[in-house]
Amino acid sequence: MPLDRLAVGAGHRPPRATRRIARSSGSPHATGRPSPGGRWRFRGAAYALLVLLAGTNLPTPLYRGYAARFGFSPLVVTLIFAAYVAVLIPCLLLAGPLSDAVGPRRVLLPAVAVALLGSLVLALADGTGWLFAARVLQGLAVGAASGPLTAALTELEPAGDRRKAALVSTVASVGGLGLGPVLAGLLAEYAPAPYVLPYAIEIALLIPAAAAVLALPAARPGRRWRPRRPGIPHAVRAVFATSGTAGFLAFAVIGLFLTLVPTYVATLSGSGNLLLGGAAVALMLACSALAQLLGYGRPARALELAGLPLLATGLALLALAGGLASLPLLLAATVIAGVGQGLVFLGGLTAVNAAAPAERRADVLSSFYVIIYLGVGLPVIGVGLLAAAVGLLAAVQYFACATAVLCLAVLLALAVAHARARRGTRTHGLRGD
């Protein structure tokens with residue numbers, strides 16, 4: 001998920017790495033006019049981001065088939081996914097400062113190569129260990145590439161419009177997350193070699209992505225590399241606690257959809273169509289992206305207060321759909337949960353970014369994204385353990401109900417904090433402060 005720099009978007013200085021790129025490349029930010037080929041570089045960076053994220057989600061609709069071929073349980077599916085997240089988090093924290101120090105090309109080219117190797121391992125997989133190895137490679141690639149590519153998009157937007165750059169980054173990121181499951185499901189269902197062809201196409205698509213990385217402007221290292229250690233200033237902790245918890249819950253739902261919902265859909269429908277499960281994931285992510293686009297610019301707390309009840313409603317409907325074996329109800333749950341997830345994520349990211357002091361913003365946002373990715377990876381392990389004991393349908397239902405209750409609890413905490421802040425503002429106004 002490489003949206004970690006989007007909240008810095010409009011109204012803030014670009015990251016140090018992008019300012020260095022501007023000075024060394026003759027970008028519009030440095031000279032006031034578009035550089036030759038700048039438009040194609042911008043599009044190339046967006047393409048690379050889209051393709052990398054699409055590749056990491058190709059296995060999503062195929063896990064059910066892998067489980068049948070290799071004989072593993074839903075718990076193993078969640079552990080495979082968690083291995084990806086466990087590698088991605090430290091790479092996210094290390095790759096940004098490394099890119100600042102050595103230049104983005106030296107980080108991005110190995111990342112694309114590792115992504116290609118991950119797809120090759122998946123195409124050749126003949127056992128569960130291969131899946132773990134491939135997901136570790138994909139986690140390394142996405143963790144290393146997401147920050148530098150997002151920074152490059154901010155810098156290379158031809159007109160210097162950061163708001164447009166943020167929009168393109170969001171569309172490329174969420175579009176890639178949704179495209180992967182649909183592409184893999186479509187090819188696996190209707191084309192030959194279902195467990196090879198999707199990855200062969202991804203490998204082919206990564207070749208122009210590597211060319212796009214080579215076309216990025218070079219940056220001269222200006223300082224020594226230091227790993228980034230995330231931290232939370234005392235003044236930000238209250239906002240971080242509520243928004244971080246809300247973001248954790250929102251991305252726990254993403255993790256559920258990326259791992260177990262395709263099998264859940266197949267169980268409810270009685271259909272083995274692989275496209276159906278991938279489409280459910282893509283629909284949820286599309287609704288999330290649309291909600292973020294429509295909510296952009298609105299107050300952070302208003303977005304969270306609107307998104308949390310929608311997320312809780314979608315989860316309740318997801319549990320009810322399992323009890324009634326209703327696909328229409330599942331469709332409604334997917335749409336509502338997607339909209340709620342998008343609003344909660346956008347609101348939480350905006351609130352944390354606004355509260356963070358300028359000199360600590362990178363640290364605070366890094367910490368926020370650690371929480372986000374933990375939300376993606378950790379809860380689904382619990383669902384997998386539960387599924388081994390009570391079955392997949394019941395496990396998803398229990399998870400959905402518990403997460404819905406937690407969403408309502410966070411909603412209550414946010415509402416109380418918002419009311420106190422408004423009373424404090426009115427009190428200061430009456431006192432003339």
Side-chain angles (χ1 to χ4, degrees), residues 47-74 76-88 91 108-146 149 172 175-213 258-260 262-263 266 272-279 281-282 285 377:
Y47 170 83
L49 185 58
L50 176 75
V51 169
L52 280 168
L53 283 167
T56 64
N57 288 285
L58 287 174
T60 296
L62 306 179
Y63 282 132
R64 184 166 175 261
Y66 284 131
R69 292 175 66 193
F70 303 147
F72 57 75
S73 69
V76 176
V77 174
T78 61
L79 292 175
I80 291 170
F81 187 79
Y84 163 79
V85 175
V87 173
L88 189 151
C91 284
L108 291 172
L109 278 176
V112 173
V114 171
L116 191 150
L117 181 59
S119 292
L120 181 63
V121 171
L122 284 168
L124 298 175
D126 64 357
T128 306
W130 289 67
L131 301 183
F132 276 101
R135 293 300 280 164
V136 167
L137 290 170
Q138 290 183 325
L140 287 170
V142 173
S146 59
L149 279 174
L177 292 173
L179 176 63
V182 171
L183 178 62
L186 181 65
L187 293 174
E189 185 64 33
Y190 299 110
Y195 297 96
V196 175
L197 184 60
Y199 307 117
I201 291 177
E202 169 69 7
I203 290 171
L205 293 175
L206 283 170
I207 294 173
V213 167
L258 288 174
T259 53
L260 297 178
T263 303
N273 191 301
L274 296 174
L275 179 59
L276 192 60
V281 177
L285 291 167

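Not measured: the values here are computed from a predicted model.
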Check: Y63 and I80 side chains under 4.5 Å, non-hydrogen atoms
yes

Between E189 and P61, is any pair of side-chain heavy atoms under 4.5 Å apart?
no

Can any side-chain N or O of Y199 pair as donor or acceptor with the backbone N or O of L124 at less than 3.5 Å?
no

Do R135 side-chain atoms and V85 backbone N/O form a donor-acceptor pair below 3.5 Å?
no

Contact summary for A111 and A145, nearest pair of heavy atoms:
CB-CB, 3.9 Å

Grab the two heavy atoms, one from A125 and one from F70, that are nearest each other, plus how far apart they are.
O-CZ, 3.9 Å

Do the non-hydrogen side-chain atoms of V76 and S73 ever get within less than 4.5 Å of each other?
yes

Within the 4.5 Å heavy-atom criterion, are L131 and P59 side-chain neighbours or not?
no

Side chains of R69 and D126: does their closest heavy-atom pair fall under 4.5 Å?
no

Let me see the working for T128 and Y66 under side-chain contact (heavy atoms from CB on, under 4.5 Å), right down to the final yes or no.
CA-CA 8 Å; T128 306; Y66 284 131; over 6 Å; no

pair P262-T60: side-chain heavy atoms closer than 4.5 Å
yes

If I take atom CG from residue L58 and atom CG from residue L53, how far apart are they, to the nearest 0.5 angstrom?
11.0 Å

Quick check: closest heavy atoms across I203 and S119, and the distance to 0.1 Å?
CG1-CB, 3.8 Å

Checking Q138 side chain against Y84 main chain: does a donor-acceptor pair fall under 3.5 Å?
no

To the nearest 0.5 Å, tell me how far L285 CG sits from L177 CG.
5.5 Å

When every non-hydrogen atom of P198 is compared with those of L187, the smallest separation belongs to CA-CD1, 3.8 Å

Straight-line distance of I207 CD1 to E202 CD, nearest 0.5 Å
11.0 Å

One should read off an interatomic distance between N57 CG and L183 CG, to the nearest 0.5 angstrom, of 11.5 Å

How close do L179 and A54 get, counting heavy atoms only, and between which atoms?
CD2-CB, 4.3 Å

Rounded to the nearest 0.5 Å, how far apart are CG of L137 and OG1 of T56?
13.0 Å

Let me confirm one number: the CG-CG distance from L108 to L49, rounded to the nearest 0.5 Å.
10.0 Å

How close do L50 and A172 get, heavy atom to heavy atom, and via which atoms?
CD1-O, 3.5 Å

Please walk me through it: do L149 and L52 pass side-chain contact (heavy atoms from CB on, under 4.5 Å)?
CA-CA 11 Å; L149 279 174; L52 280 168; 3.8 Å; yes

